[in-house]
Amino acid sequence: MAAERKVTITAIAREAGVSVPTVSRVVNGRSDVAPETRARVEELLRQYGYRRRTHAPGDRAALVDLVFNDLDSPWAVEIIRGVEEVAHASGVGTVVSAIHDRAGAARQWMTNLRARASDGVIMVTSVLEPLLHKELHRLGVPIVVVDPAGAPPLDAPTVGATNWAGGLAATEHLLSLGHRRIGFIAGPPRLLCSRARLDGYRAALEGAGLPVDEELTVPGDFYHESGFTGCERLMELADPPTALFAASDQMAMGAMEALRRRGLRVPQEVSVVGFDDLPEMRWSAPPLTTVRQPLAEMGKVAARTVLRQARGEEIDTPRLELATELVVRSSTAPPPAR
């Protein structure tokens, strides 16, 4: 039966000789499409049995899905805050989900999404399986990826931050204070943002004419415990670092606790830099020097982008990187005299 055939709006656009946003405008009942073009697209939609959204033609997007791999982080809260601000101002609801990399969790999420007829999806540091991505296309649901885990789909706009520049700035700050043994606690290697921060750290060392000592780089997962264990590992070296750069604020907090338990003072004996500038970092003891990542603004940009797509509008810049900024507080100082 024709109604059971699956087709994407990309395929319909190709066959009709028009852009994907033009097909989206027709699907969403927009008036800004030439009559001849509309007739051609409508005929193809009927021919392929394309299933339209369940809300009335001409309605603006009324619901957006915001999908995380995990939600147990203040980092996620900042992204949600940005998305919610834009969604609320646009009269759009937000559904927040966490798929936790569990078997079948993503497919269950897709089943739920079909039932509520969501008009857009924002994926955050999550991997969207090819079959699910294909199904979203078939349903005509636009996608925006924030901090993609690995290479994102070519047709999905992405929103991120200048992670390489942030890693460079954090390391150059420590170098400018006189540190030469700088430990790095890395984030999950599967994430592009993690690899970019590590590359920025290495570039700063190379720019200062220093060798990249692999024993000074330890693995982490962005959470407190890995910062603690990573710091312990670095401090046990025969020649421990005088400064630590953690690829997230939470790992920096874990590292500072490990230093405290060892009786080492921050920054008098060991300097610490984080990455994110979560709101509570100004209240840490001492207040944390960190790289400010505009998390809430990233959420806002992602929400605006997916809503524009849902309305069938063209996206001017499919790859957006928002600027990071080094925020110097009291956790960094020159190294102790030896």
Side-chain angles (χ1 to χ4, degrees), residues 66-76 78-80 82-83 98-101 106 121-130 132-133 136 142-171 184-206 212 214 217-223 226-227 230 245-252 273-278 290-303 305-306 315 317-326:
L66 176 57
V67 185
F68 292 85
N69 187 48
D70 288 295
L71 281 171
D72 53 348
S73 167
W75 179 90
E78 291 299 298
I79 296 284
I80 294 170
V83 171
I99 56 176
H100 302 293
D101 283 338
V121 173
I122 300 171
M123 305 288 297
V124 185
T125 62
S126 300
V127 177
L128 186 62
E129 297 175 19
L132 297 183
H133 182 217
L136 287 173
I143 314 167
V144 175
V145 182
V146 177
D147 266 349
L154 293 176
D155 57 351
T158 64
V159 179
T162 54
N163 291 287
W164 183 89
L168 182 78
T171 311
F184 182 75
I185 306 175
R190 67 184 181 87
L191 299 182
L192 295 179
C193 61
S194 296
R195 301 202 293 270
R197 293 170 199 179
L198 174 59
D199 288 344
Y201 159 79
R202 288 174 169 165
L205 294 177
E206 292 169 353
V212 177
E214 294 300 333
T217 297
V218 296
D221 60 10
F222 285 160
Y223 294 101
S226 67
F245 171 27
S248 77
D249 286 348
Q250 288 182 282
M251 291 197 301
V273 178
F275 201 110
D276 285 331
D277 194 26
L278 299 173
T290 186
V291 177
R292 177 176 294 153
Q293 186 176 198
L295 296 170
E297 186 60 31
M298 288 161 62
K300 291 178 186 178
V301 170
T305 302
V306 82
I315 303 301
T317 309
R319 304 286 180 264
L320 281 172
E321 282 195 343
L322 306 187
T324 53
E325 175 189 1
L326 180 68

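A distance of 4.5 Å separates OG1 in Thr158 from CZ in Arg319, rounded to the nearest 0.5 Å. Between Thr171 atom OG1 and Arg197 atom CZ the span is 12.0 Å, to the nearest 0.5 Å. For the atom pair CG of Leu66 and CE of Met123, the computed distance is 10.0 Å after rounding to the nearest 0.5 Å. How far CG of Leu192 is from CG of Asn163: 9.0 Å, rounded to the nearest 0.5 Å. Taking CG of Leu322 as the start and OG1 of Thr162 as the end, the distance is 8.0 Å to the nearest 0.5 Å. Between atom CD1 of residue Ile79 and atom CD of residue Glu297 there is a gap of 10.5 Å, rounded to the nearest 0.5 Å.
In terms of modelled atom types and a separation under 3.5 Å, the side chain of Thr324 and the main chain of Val291 share no donor-acceptor contact.
Here the side chains of Asn69 and Ile99 are in contact, with some heavy-atom distance below 4.5 Å. Between Met298 and Asp147 there is a side-chain heavy-atom pair separated by less than 4.5 Å. Using a 4.5 Å heavy-atom threshold, the side chains of Val146 and Ile122 count as touching.
Applying the side-chain contact (heavy atoms from CB on, under 4.5 Å) test to Ala246 and every residue at least two apart in sequence or in another chain returns Ile185, Met251, Ala252. Not a single side-chain hydrogen bond (donor to acceptor under 3.5 Å, both in side chains) links Thr217 to another residue, sequence neighbours left out. With sequence neighbours excluded, no residue forms a side-chain hydrogen bond (donor to acceptor under 3.5 Å, both in side chains) with Ser194. Partners of Tyr201 by ring-ring contact (aromatic ring centres under 6.0 Å, His included), not counting sequence neighbours, listed by chain and number: Phe184. Residues meeting the salt bridge (Lys or Arg N to Asp or Glu O under 4.0 Å) test with Glu321, sequence neighbours left out: none. Every residue two or more places apart in sequence or in another chain that forms a side-chain hydrogen bond (donor to acceptor under 3.5 Å, both in side chains) with Thr290 is listed here: Asp249.
Nearest heavy-atom pair, Pro189 versus Arg195, reported as atom, atom and distance to 0.1 Å: O-NH1, 2.7 Å. Of all the heavy atoms in Gly187 and Ala247, the pair that sits closest is N-CB, 3.8 Å. Contact record, Phe222 with Ser248: O-OG, 2.9 Å, taken as the closest heavy-atom pair. Nearest heavy atoms, Leu326 versus Ala170: CD1-CA, 4.2 Å. The two residues Phe275 and Gly167 make their nearest non-hydrogen contact at CE1-N, 3.9 Å. A pairwise comparison of heavy atoms in Leu278 and Pro74 identifies CD1-CG, 3.5 Å as the closest pair.
The neighbour count for Trp75 CH2, taken as heavy atoms of other residues, nucleotides or ligands under 6.0 Å away, is above 12.
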